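Take a look at the structure below.
The structure displayed is predicted, hence computed values, not measured ones. Numbers here simply count residues along the sequence, with the first being 1.
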Amino acid sequence: MTDEQLKYPIGKFSVPASYTPEEIQNWIAVIKDLPGKVRLAVMNLNEAQLDTPYRPGGWTIRQVVHHLPDSHMNSLIRFKWALTEENPTIKAYEEAAWALQADYKLPIESSLKMLEGIHVHLVALFESFTEKEWERTFIHPQSGATVSLKRNLAMYAWHSEHHLAHITNTIKGF
C-alpha cells in the first residue's frame, strides 16, 4: 500500500451529495456500532501490538484508540453547541498535540469506556433530531465553513470507519 492508502484506507471524506433518511440512519448505525467494533478489534492485542503504528510516522493503535473518544467528545460538544446556539463558532483542537499527552500512554480500557458512553449520547441525540435540527449549523474556525449537523454526522461516520480501518488493517499484519 502507498503512504496515502495507509493514511486514508477508506479514502478521504467527501461531502455527501444527498442526505436521505436512509443515509442518515446508516451513518447513525456506524456511530452506534463503532465502540463494539473497536473493542472487538483490540481486545486480544498485547502491549507491543498496541504500540504498533498503522503507518510509518503514524499513530500507534493505542493512540488511535485514545484519539477516538477525544475527537468524538469534541464532536458531541459541537452538536450540542449547534443545537443550543445560533450558528456558533466551534473550538478547534490540536489533535496531534493531544496524541502526545501522557494519557495516550494509558491502558486503552478507559478510552474504550469513554467511547461507549460518548456514542450512547450521540445516538440518543441523533435519534431525537427533527429535520430542522439536522439543518442547524456551526462554523469551523480553521476553514470558516458553515457545517450542518447532518454533514457533521456523515463526517464522523466516515471518521469512525477511517480509524477502525487503521486498526483492523494494522492487525492484519500481525
Check your understanding: Just wondering, more than 12 heavy atoms not from M43 lying within 6.0 Å of its CE?
Key -> no
Study note, to complete from the structure: Value for OG1 (T2) from OH (Y8), rounded to nearest 0.5 Å, stands at 12.0 Å
Review point. Hey, what do you get for CD1 (I77) to NE2 (H121), rounding to the nearest 0.5 Å?
Key: 12.0 Å
Point to revise | Heavy-atom check, side chain of I108 versus side chain of L45, under 4.5 Å | key: no
Check your understanding: Are L100 and L106 grouped together when hydrophobic residues (ILVMFWY) are joined by side-chain heavy atoms under 4.5 angstrom apart?
Key -> no
Review point. Hey, does the side chain of R55 reach the backbone of K7 with a donor-acceptor pair shorter than 3.5 angstrom?
Key: no
Review point. Within the distance-only criterion (no hydrogens, no angle test), does the side chain of R136 pair as donor or acceptor with the backbone N or O of E85 below 3.5 angstrom?
Key: yes
**Study point:** With sequence neighbours excluded, residues passing side-chain hydrogen bond (donor to acceptor under 3.5 Å, both in side chains) with N87
**Key:** T137
Practice item. Assess whether side chain to side chain contact (heavy atoms under 4.5 Å, CB included) is satisfied between L164 and V38, documenting all intermediate values. Key: CA-CA 6 Å; L164 181 61; V38 171; 4.1 Å; yes
**Study point:** Distance-only side-chain donor-acceptor flag, H67 / H159, under 3.5 Å
**Key:** yes
Check your understanding: Would you call F129 and K150 a side-chain contact if the rule is heavy atoms closer than 4.5 Å?
Key -> no
Review point. Can you check whether L83 reaches L125 side chain to side chain, under 4.5 Å on heavy atoms?
Key: yes
Practice item. Over all heavy atoms of both residues, which pair between P9 and N169 is shortest? Give the atoms and the distance, please. Key: CB-ND2, 3.4 Å
Practice item. Decide yes or no for Q63 and K105: does some side-chain heavy atom of the first lie under 4.5 Å from some side-chain heavy atom of the second? Key: no
Exercise for review: Working to the nearest 0.5 Å, report the span between OH of Y156 and CG of L149.
Suggested key: 12.0 Å
Review point. Taking atom CD of E131 as the centre, does the number of heavy atoms from other residues, nucleotides or ligands within less than 6.0 Å exceed 12?
Key: yes
Practice item. Check the pair F79, F126 against side chain to side chain contact (heavy atoms under 4.5 Å, CB included), reporting the backbone distance first and the verdict last. Key: CA-CA 10 Å; F79 277 104; F126 299 155; 3.5 Å; yes
Review point. Under a 4.5 Å cut-off applied to non-hydrogen side-chain atoms, are H163 and L34 in contact?
Key: no
**Study point:** Shared hydrophobic cluster for L112 and L122 (ILVMFWY, side-chain gaps under 4.5 Å)
**Key:** no
Point to revise | Within-4.5 Å side-chain heavy-atom neighbours: I61 and I171 | key: yes
Check your understanding: Hey, does the side chain of W158 reach the backbone of G11 with a donor-acceptor pair shorter than 3.5 angstrom?
Key -> yes
Point to revise | side chain to side chain contact (heavy atoms under 4.5 Å, CB included) between L76 and M73, intermediate numbers included | key: CA-CA 5 Å; L76 175 62; M73 171 177 52; 5.6 Å; no
Exercise for review: Identify the two heavy atoms, one from P56 and one from L6, that lie closest to each other, and give their separation to 0.1 Å.
Suggested key: CD-CD1, 4.1 Å
Check your understanding: Can you tell me if S18 and E23 form a side-chain donor-acceptor pair at under 3.5 Å?
Key -> yes
Review point. Distance from S111 atom OG to E116 atom CD, nearest 0.5 Å?
Key: 11.0 Å
Practice item. Would you confirm whether Q49, through its side chain, and N46, through its main-chain N or O, come within 3.5 Å as a donor-acceptor pair? Key: yes
**Study point:** Nearest heavy-atom neighbours spanning A96 and W59
**Key:** CA-CZ2, 4.1 Å
Study note, to complete from the structure: In this structure, NE2 of H140 is separated from CZ of R78 (nearest 0.5 Å) by 4.5 Å
Point to revise | Euclidean distance, W81 CH2 relative to K91 NZ, rounded to 0.5 Å | key: 8.5 Å
Point to revise | Cluster overlap W98 with L115, hydrophobic side-chain contacts below 4.5 Å | key: no
Revision key, fill the gap. Correct closest heavy-atom pair for A92 and Q142 would be CB-CD, 3.8 Å
Practice item. List the steps and the verdict of salt bridge (charged side-chain N to carboxylate O under 4.0 Å, His left out) for E4 and K12. Key: CA-CA 10 Å; E4 187 75 3; K12 292 183 178 181; 3.5 Å; yes
Exercise for review: Go through R62 and V65 one step at a time and tell me if the side chain to side chain contact (heavy atoms under 4.5 Å, CB included) criterion holds.
Suggested key: CA-CA 5 Å; R62 181 187 311 275; V65 171; 5.8 Å; no
Review point. Any sub-3.5 Å donor-acceptor pair from S75's side-chain atoms to S71's backbone N or O?
Key: no
Check your understanding: Minimum heavy-atom separation for Q101 to A97, with atom names?
Key -> NE2-O, 3.0 Å
Exercise for review: Scan side-chain atoms only and decide if Y93 and D70 contain a donor-acceptor pair under the 3.5 Å cut-off.
Suggested key: no
Review point. What about L50 and Y104, same hydrophobic cluster or not, with Ile/Leu/Val/Met/Phe/Trp/Tyr joined at side-chain heavy-atom distances under 4.5 Å?
Key: no
Check your understanding: Can you tell if the side chain of W134 reaches within under 4.5 Å of the side chain of Y19, non-hydrogen atoms only?
Key -> no
Check your understanding: Is it the case that one hydrophobic cluster holds both I31 and I118, taking links as side-chain heavy atoms less than 4.5 Å apart, direct or via other members?
Key -> yes
Exercise for review: State, yes or no, whether a side-chain contact exists between N26 and V30 at a heavy-atom distance under 4.5 Å.
Suggested key: no
Practice item. Give a yes or no answer on whether the side chain of H119 reaches the backbone of H72 with a donor-acceptor pair at less than 3.5 Å. Key: no
